[in-house]
Amino acid sequence: MAVSPTPKLNADFPSLGALQHLGPFAVALSGGADSTALLIACATRWPGRVHAVHVHHGLQAAADGFEAHCVALCERMHVPLVVQRVNAAHAAGESPEDAARQARYRAFAEALQHNWGGHIKHMALAQHADDQVETLLLALSRGAGLPGLACMPAVAERHGVTYHRPWLDVPGSQLRDALRAAGETWVEDPTNSDTRYTRNRIRAELLPVIERAFSSFRQTFARSASHAAQAQTLLQEVAAQDFQQVGNPPVIKALQQLSEARQSNVLRHWLALEHSQASAAQLQALLVQVKACTTRGHHIDIKVGRGFVRRDGAVLRCYNL
């Protein structure tokens, strides 16, 4: 039986030039407006090249409806689909959003590893300019440093998968307008209107106010995020150079030869390699102790993340619990 061609749509979807160089790739398909638009736009432009992965979180009654929409859409667009079911329940002290996000990325990596011969290593995500602004505002509200202010990169690697976000400069309303013009439907996540979640409050209450005051805020906020990302890249390069100087594990006397800012930078770099992360207060306490460490008997024992940093003779060591 002959397979009918992928439907051609009269819809003005945003540019997908950032994906042009890819071979076969997958789209992360939630069933919402943004990912539905991305799947349709990609499958229409590149028939036969596109695959899809839908993650069923099982956290709400609407989850089955999302899956049904994705299955029907992919059948109509002739896109191979994998549905990955996960347990995204959050642990005590963990935010539900972060738990779901972590589960989702693990599911994406597992889906690509175990399907289509394991040959697909690239995935497109439908996050757009409004998502980027929300991420930046959340980072500011938490007092984040440059890594947080850099927000979402256009290209990033995680768990062996390279993720592409081709629409970070596109307003979310433009995607919905394109879908309506094409006569396409999507599934609304009922939790999106729940303002108990900070991101939803930002979207519903804060962004309209910001848009009235600064009509081009999406572009200017994105530019600030780009500046932060560039500065963070420079700090990483400096940290790598200083790390060669202070050693692994870091020699306390070598650390003391650096400015406090460079000590902070290289210690964060070292802790990341040790799979640990210090809060601002913990890092400041560690810097104070490094500065004060001028005698053989000086004791350093600072809680960092889920573990400790302790003095071991001439060096610092990280112990994770």
State whether a side-chain donor-acceptor pair under 3.5 Å links Arg45 with Gln20.
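Yes, because at least one side-chain N or O of Arg45 sits under 3.5 Å from a partner of the opposite role on Gln20.
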Could you walk me through whether Leu125 and Trp167 satisfy the side-chain contact (heavy atoms from CB on, under 4.5 Å) test, starting with their C-alpha distance in whole Å, then the side-chain angles of each, then the deciding distance to 0.1 Å, before giving a yes or no?
CA-CA 8 Å; Leu125 304 176; Trp167 286 346; over 6 Å; no
Return yes if a side-chain donor-acceptor contact under 3.5 Å exists between Gln289 and His298, otherwise no.
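Their side chains do contain a donor-acceptor pair, which is all the 3.5 Å distance test asks for.
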So Ile40 and Leu179, do their side chains get closer than 4.5 Å, heavy atoms only?
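They are in contact (side-chain heavy atoms under 4.5 Å apart), so the answer is yes.
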Tell me whether the rings of Tyr105 and Tyr163 are parallel (<30°), tilted (30 to 60°) or perpendicular (>60°).
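Taking Tyr163 first and then Tyr105, their aromatic rings stand perpendicular (interplane angle over 60°).
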Please report the closest heavy-atom contact between Cys293 and Gln256, naming both atoms and the distance.
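Closest heavy-atom pair between Cys293 and Gln256: O-NE2, 2.9 Å.
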Do Ile120 and Asn115 have side chains that approach each other closer than 4.5 Å (heavy atoms only, starting at C-beta)?
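The answer is no; the side chains never approach within 4.5 Å.
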Nearest heavy-atom pair of Ala231 and Leu146: which atoms, and what distance?
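Heavy atoms of Ala231 and Leu146 come nearest at CB-CD1, 3.8 Å.
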Stepwise side-chain contact (heavy atoms from CB on, under 4.5 Å) test for Val50 and Phe25
CA-CA 5 Å; Val50 182; Phe25 65 94; 3.9 Å; yes
Do you know which of Leu168, Asp130, Val170, Ile210 makes side-chain contact (heavy atoms from CB on, under 4.5 Å) with Arg218?
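By the side-chain contact (heavy atoms from CB on, under 4.5 Å) criterion, Arg218 pairs with just one of Leu168, Asp130, Val170, Ile210: Asp130.
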Whether over 12 other heavy atoms sit under 6.0 Å from Arg306 CZ
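Counting other residues, nucleotides and ligands, CZ of Arg306 stays at 12 neighbours or fewer.
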Should the heavy atoms of other residues, nucleotides or ligands under 6.0 Å from CD of Gln230 be counted, would the total exceed 12?
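No - once you tally the heavy atoms of other residues, nucleotides and ligands closer than 6.0 Å, there are 12 at most.
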Heavy-atom pair with the smallest gap, counting every atom of Gly32 and Ser30:
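So the minimum-distance heavy-atom pair works out to N-OG, 3.1 Å.
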Keeping the roles fixed (side chain from Asp131, backbone from His128), state whether a donor-acceptor pair exists under 3.5 Å.
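Pair found, side chain donor or acceptor close to backbone of His128.
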Apply side-chain contact (heavy atoms from CB on, under 4.5 Å) to Gln284 and Glu260, showing your working.
CA-CA 10 Å; Gln284 185 58 39; Glu260 184 173 302; 3.9 Å; yes
Any idea which heavy atoms bring Ser35 and Leu29 closest together, and the distance?
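That closest heavy-atom pairing would be O-CD1, 3.6 Å.
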Quick one: CG on Asp194 to CZ on Arg201, what's the gap to the nearest 0.5 Å?
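The CG atom of Asp194 sits 9.5 Å away from the CZ atom of Arg201.
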Between His275 and Asn320, is the side-chain hydrogen bond (donor to acceptor under 3.5 Å, both in side chains) condition met? List the steps.
CA-CA 8 Å; His275 307 289; Asn320 288 314; over 6 Å; no
Would one find more than 12 heavy atoms of other residues, nucleotides or ligands at under 6.0 Å from atom CZ of Phe214?
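Counting other residues, nucleotides and ligands, CZ of Phe214 stays at 12 neighbours or fewer.
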With a 4.5 Å limit on heavy-atom distance, are the side chains of Leu81 and Leu73 in contact?
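The answer is no; the side chains never approach within 4.5 Å.
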Gln282 (side chain) donor-acceptor with Ser279 (main chain) under 3.5 angstrom:
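Side chain of Gln282 to backbone of Ser279: a pair is present.
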Are Asn265 and Leu258 close enough, and set up right, to give a side-chain contact (heavy atoms from CB on, under 4.5 Å), and what steps lead you there?
CA-CA 10 Å; Asn265 191 41; Leu258 301 175; over 6 Å; no
Under 3.5 Å, is there a donor-acceptor pair linking the side chains of Asn200 and Arg203?
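Arg203 and Asn200 do have a side-chain donor-acceptor pair below 3.5 Å.
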Contact summary for Leu175 and Ala126, nearest pair of heavy atoms:
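What the structure gives for the nearest pair is CD1-O, 4.5 Å.
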